[in-house]
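Written out below as structure tokens is the structure these notes cover.
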Amino acid sequence: MEIKRLERQSADGAELNLEALYRIAPSCFTEVADPATGELRHVVDFKVLRQLLGDNAVEDADEMYQFTWPGKQKARLEAARPIDKTLRPVPEDSLNWDTTQNLYIEGDNLEVLKLLQNSYMGKVKMIYIDPPYNTGNDFVYNDDFSQSADDYAQASGDIDDLGNRYRKNTDSNGRFHSDWCSMIYPRLLIARSLLSEDGAIFISADDYEIENLTKICNEIFGETNFIATIVWQRTYAPISLKKFFSENHEYCVVYCRNIECFQMNLLPRSEKQNKDYKNPDNDPRGPWKVGNLTVGPAVEKQIYPIIGPTGKTFYPPSGYCWRFSKEKLEEMRKDNRIWFGPEGKGSPTPKLFLSEVQDGVTPMTLWTYDEVGHGQEATRDLRDLMGKAVFTSPKPLRYISRFLTIGLGKDDIVLDYFSGSATTAHAVMQLNAKDGGNRKYILMQLPEETEDGSEARKAGYKNICEIGKERIRRAGKKIKEENPLMTQDLDVGFRVFRCDSSNFEDVKKSPQAFQQGSLDLLIDNVKADRTDLDLLFGAMLSWGVELSLPMETIDVNGMKIYNVNDGDLVACFAPDVTEEVINHMADLHPMRVLFRDSCFSRDDQKINLFETFKQRLDWSEETAINSIRVI
């Protein structure tokens with residue numbers, strides 16, 4: 001019996017799409033022999049698929065509605081392309097490594113999103129991103145497909161010495177809008193796969209790309225899943241240097257994964273919204289306010305006289321009728337729900353009781369700076385926390401908190417893959433401290449270097465990731481100090497991971513490329529600088545295990561056993577594992593078991609391994625094959 005090897009690449013987007021299609025249309029699949037391996041594999045029979053779709057398919061039509069740009073096809077292919085990279089744990093940069101459920105990941109977010117697909121597909125309730133606005137400021141990304149015109153890029157100085165693309169995307173660039181669309185498109189495609197069925201994505205934007213962003217989102221999420229475009233009044237002071245208008249607003253477009261499942265939270269009622277509720281007649285049901293008893297256009301059967309306490313007769317105004325039928329109004333009147341004024345001389349009005357209104361308020365699409373903060377407030381608050389103005393144009397805490405309030409449940413995950421100064425993490429901790437929630441965050445940020453001479457560089461921050469991590473540390477400490485009784489169990493920690501090359505050497509070489517001294521790579525191809533934790537978390541990514549799960553280390557005769565989430569994954573990487581170690585691992589009743597090749601010096605040990613787990617856990621042959629992996 002051969003132990004299966006763990007998959008080393010990230011999820012293959014094309015395979016994920018095939019799996020999704022197979023769930024809804026299995027009849028359009030058939031089997032063909034793979035020309036490379038000779039093994040049978042599932043493929044789509046397009047002839048059958050077209051038959052299933054009937055007349056609802058189009059191909060090469062002369063005219064059809066679509067949104068496209070130079071590079072779109074490559075961007076779509078890039079989203080599906082698997083990568084041979086991994087996320088390496090960095091405990092020394094983390095806070096409360098053993099107990100936290102939050103993640104801070106350094107690296108290109110396109111690569112990181114791909115790596116997270118196996119572990120977090122369909123598990124993220126809310127995504128908030130504040131991507132580059134494409135205004136001519138620094139526009140940093142590192143997508144292979146965006147370097148297709150090498151000559152163009154090299155000539156314009158768009159690529160640095162390491163092949164990364166760091167440049168200002170000014171409007172003089174011939175591909176100004178196309179580059180931005182190609183950057184955002186694959187990231188949104190993959191992000192959608194991470195959203196839960198009842199989840200939603202919130203995307204900040206301004207006038208430069210709002211139109212293109214909306215068209216892209218309509219394509220990726222579907223127009224029927226559009227929720228709203230929020231307008232935020234981001235500043236209270238005009239910018240006099242502007243030639244025509246001083247822009248004081250930004251947008252946030254909101255799309256859900258599935259409109260049939262999505263339900264947004266209401267905003268808490270404010271004191272201002274409750275101030276009109278009084279109780280002038282000491283009604284035992286509590287405070288109330290008057291409503292409107294008339295409605296238009298008029299319905300004849302609901303036009304009737306109402307006799308007031310003083311004998312005065314009331315009719316609805318011309319073109320209107322009473323809101324309720326005569327029978328319903330009489331019931332309300334007997335229940336003291338119709339008010340005629342303090343002395344009974346006024347017009348009839350219904351009483352609306354505060355105790356009977358819904359617990360919250362439906363959010364409106366215009367958010368003013370007095371409600372959710374403004375850019376100057378955000379800059380000031382971050383400067384006060386960090387000691388210096390180390391980051392430009394952060395979002396206000398109150399602004400991000402409102403997104404979290406309406407988009408997240410108390411135990412849900414929020415993802416921010418353009419995390420910047422880590423406002424999202426700060427807002428999550430603050431909201432959890434306020435209501436006792438257990439919201440978790442996953443933050444991603446490219447370690448973009450701070451500029452020479454900037455306040456951030458003077459303060460010792462070499463890149464944006466260092467700013468974000470330090471902000472979380474300081475914000476968590478401040479929140480706990482300000483709320484000592486409410487934050488005893490507050491999670492203010494985070495596990496840091498860095499996107500890096502694969503944990504394994506590339507052994508796909510021709511025989512001539514190997515030297516005698518390198519033949520040991522065929523036995524153990526793990527890179528020399530990789531630790532047990534590197535291998536463990538790399539395996540968790542491949543096997544679909546969440547990176548935030550708790551774990552313990554068990555020592556058996558000097559050999560370490562790693563137990564993730566009480567048996568979700570049990571691993572040992574020590575050379576020449578003993579029977580006692582294997583028995584101890586089996587006693588943990590694992591769902592998944594992982595070893596290195598170097599754990600076994602003989603093939604018969606691998607066979608005995610299967611038998612041990614089958615006997616001690618009553619596993620079938622199929623269960624043992626699917627539950628045990630080797631790297």
Side-chain angles (χ1 to χ4, degrees), residues 16-17 19-21 23-24 67 79 113 116-117 119-131 184-205 210 212-232 250-269 357-367 371-372 395 398-419 424 427-428 431-432 435 437-444 546:
L16 295 176
N17 291 333
E19 291 174 10
L21 181 60
R23 286 194 291 270
I24 60 175
F67 175 56
L113 286 168
L116 291 187
Q117 277 187 292
S119 297
Y120 289 92
M121 184 172 294
K123 296 180 180 179
V124 175
K125 181 65 179 296
M126 173 186 162
I127 298 174
Y128 169 75
I129 56 171
D130 185 14
I184 202 70
Y185 189 80
R187 288 161 172 83
L188 290 178
L189 273 175
I190 302 173
R192 182 185 178 276
S193 72
L194 301 182
L195 274 179
S196 60
E197 282 296 304
D198 60 347
I201 185 169
F202 298 70
I203 310 170
S204 286
I210 182 66
N212 290 334
L213 175 63
T214 302
K215 289 178 180 178
I216 288 173
C217 286
N218 282 341
E219 179 176 322
I220 292 175
F221 297 96
E223 286 187 68
T224 57
N225 291 318
F226 169 75
I227 302 298
T229 298
I230 298 166
V231 180
W232 169 45
E250 289 183 8
Y251 306 99
C252 182
V253 296
V254 186
Y255 284 79
C256 66
R257 172 70 187 264
N258 185 344
I259 196 70
E260 300 296 327
C261 303
F262 178 67
Q263 185 172 358
M264 199 164 65
N265 302 324
L266 300 174
L267 291 172
R269 295 185 63 85
V357 300
Q358 59 187 8
D359 292 336
V361 180
T362 302
M364 293 191 292
T365 53
L366 176 60
W367 294 7
E371 294 177 294
V372 297
K395 288 293 188 288
R398 290 193 287 159
Y399 183 61
I400 302 302
S401 292
R402 176 170 284 195
F403 290 134
L404 299 177
T405 299
I406 63 179
L408 276 185
K410 287 189 175 182
D411 295 300
D412 291 327
I413 299 173
V414 59
L415 167 64
D416 182 349
Y417 56 89
F418 287 97
S419 67
T424 298
V428 166
L431 195 56
N432 284 341
D435 64 11
N438 187 35
R439 301 167 186 84
K440 282 83 66 176
Y441 62 78
I442 302 174
L443 264 55
M444 303 177 195
E546 294 178 29

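Quick note: numbers below take in every heavy atom, side chains included, and nothing from hydrogens, waters or symmetry partners.
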*What's the verdict on side chain to side chain contact (heavy atoms under 4.5 Å, CB included) for I413 and Y441, showing C-alpha distance, side-chain angles and the deciding distance?*
CA-CA 6 Å; I413 299 173; Y441 62 78; over 6 Å; no
*What's the verdict on side chain to side chain contact (heavy atoms under 4.5 Å, CB included) for L188 and C217, showing C-alpha distance, side-chain angles and the deciding distance?*
CA-CA 8 Å; L188 290 178; C217 286; 4.1 Å; yes
*Kindly determine whether Y255 and T214 satisfy side chain to side chain contact (heavy atoms under 4.5 Å, CB included), including the steps that lead there.*
CA-CA 10 Å; Y255 284 79; T214 302; 3.5 Å; yes
*With side chain to side chain contact (heavy atoms under 4.5 Å, CB included) as the test, would you mind laying out the steps for I442 and L116 before giving the verdict?*
CA-CA 10 Å; I442 302 174; L116 291 187; 4.1 Å; yes
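Annotation: salt bridge (Lys or Arg N to Asp or Glu O under 4.0 Å) contacts of K395 (sequence neighbours excluded): D130, E250. Looking at residues two or more places apart in sequence or on another chain, you find a side chain to side chain donor-acceptor pair (under 3.5 Å) between R439 and N432, D435. With sequence neighbours excluded, the residues forming a salt bridge (Lys or Arg N to Asp or Glu O under 4.0 Å) with E197 are R257, listed by chain and number. Applying the salt bridge (Lys or Arg N to Asp or Glu O under 4.0 Å) criterion to K410, with sequence neighbours excluded, gives no partner residue. In terms of the side chain to side chain contact (heavy atoms under 4.5 Å, CB included) criterion, residue partners of A191 (sequence neighbours excluded) are, by chain and number, I127, Y417. In terms of the side chain to side chain contact (heavy atoms under 4.5 Å, CB included) criterion, residue partners of I259 (sequence neighbours excluded) are, by chain and number, N225, I227, C256. In this view, S204 and Y128 satisfy the side chain to side chain donor-acceptor pair (under 3.5 Å) rule, not counting sequence neighbours. Here T224 pairs with nothing under the side chain to side chain contact (heavy atoms under 4.5 Å, CB included) rule; sequence neighbours left out. A search for ring-ring contact (aromatic ring centres under 6.0 Å, His included) contacts involving Y399 returns W232, W367, F403, not counting sequence neighbours. Under the rule for a side chain to side chain contact (heavy atoms under 4.5 Å, CB included), the partners of R398 that lie at least two apart in sequence or sit in another chain are E377.
What you find for D412 and G409 is that their closest heavy atoms are OD2-N, 2.6 Å. Contact detail for G199 and F262: the closest heavy-atom pair is O-CD1, 4.0 Å. Shortest non-hydrogen contact noted between P131 and I184 is CB-CD1, 3.9 Å.
T229 places no side-chain N or O within 3.5 Å of a backbone atom of V253 that could act as its donor or acceptor partner. With hydrogens and angles disregarded, no donor-acceptor distance shorter than 3.5 Å links the side chain of K123 to the backbone of S196.
Atoms CD1 and CZ, on I400 and F202 in that order, are 10.5 Å from each other to the nearest 0.5 Å. Summarising the geometry, atom CG belonging to L431 is positioned 4.5 Å from atom OG1 belonging to T405; distances are rounded to the nearest 0.5 Å. We find the CE-OG1 distance between M126 and T424 to be 7.0 Å, quoted to the nearest 0.5 Å. Of the inter-residue distances, the one linking I203 atom CD1 with I129 atom CD1 reads 4.5 Å to the nearest 0.5 angstrom. For the atom pair F67 CZ and N218 CG, the distance stands at 10.5 Å (nearest 0.5 Å). In this structure, the separation between NZ on K125 and CG on L415 is 14.5 Å, given to the nearest 0.5 Å.
Paired with K440 under the rule side chain to side chain contact (heavy atoms under 4.5 Å, CB included), one option of L408, D411, V414 passes, and it is D411.
Under the 4.5 Å side-chain criterion, counting only non-hydrogen atoms from C-beta, R402 is in contact with L267. At least one side-chain heavy atom of M264 sits less than 4.5 Å from a side-chain heavy atom of P363.
The side chain to side chain donor-acceptor pair (under 3.5 Å) contacts involving residues 259-269 comprise R269-N274, where partners must be two or more places apart or lie in separate chains. Within the structure, every pair that satisfies the salt bridge (Lys or Arg N to Asp or Glu O under 4.0 Å) test and touches residues 212-227, not counting sequence neighbours, is listed here: K72-E219, R76-E219, E211-K215.
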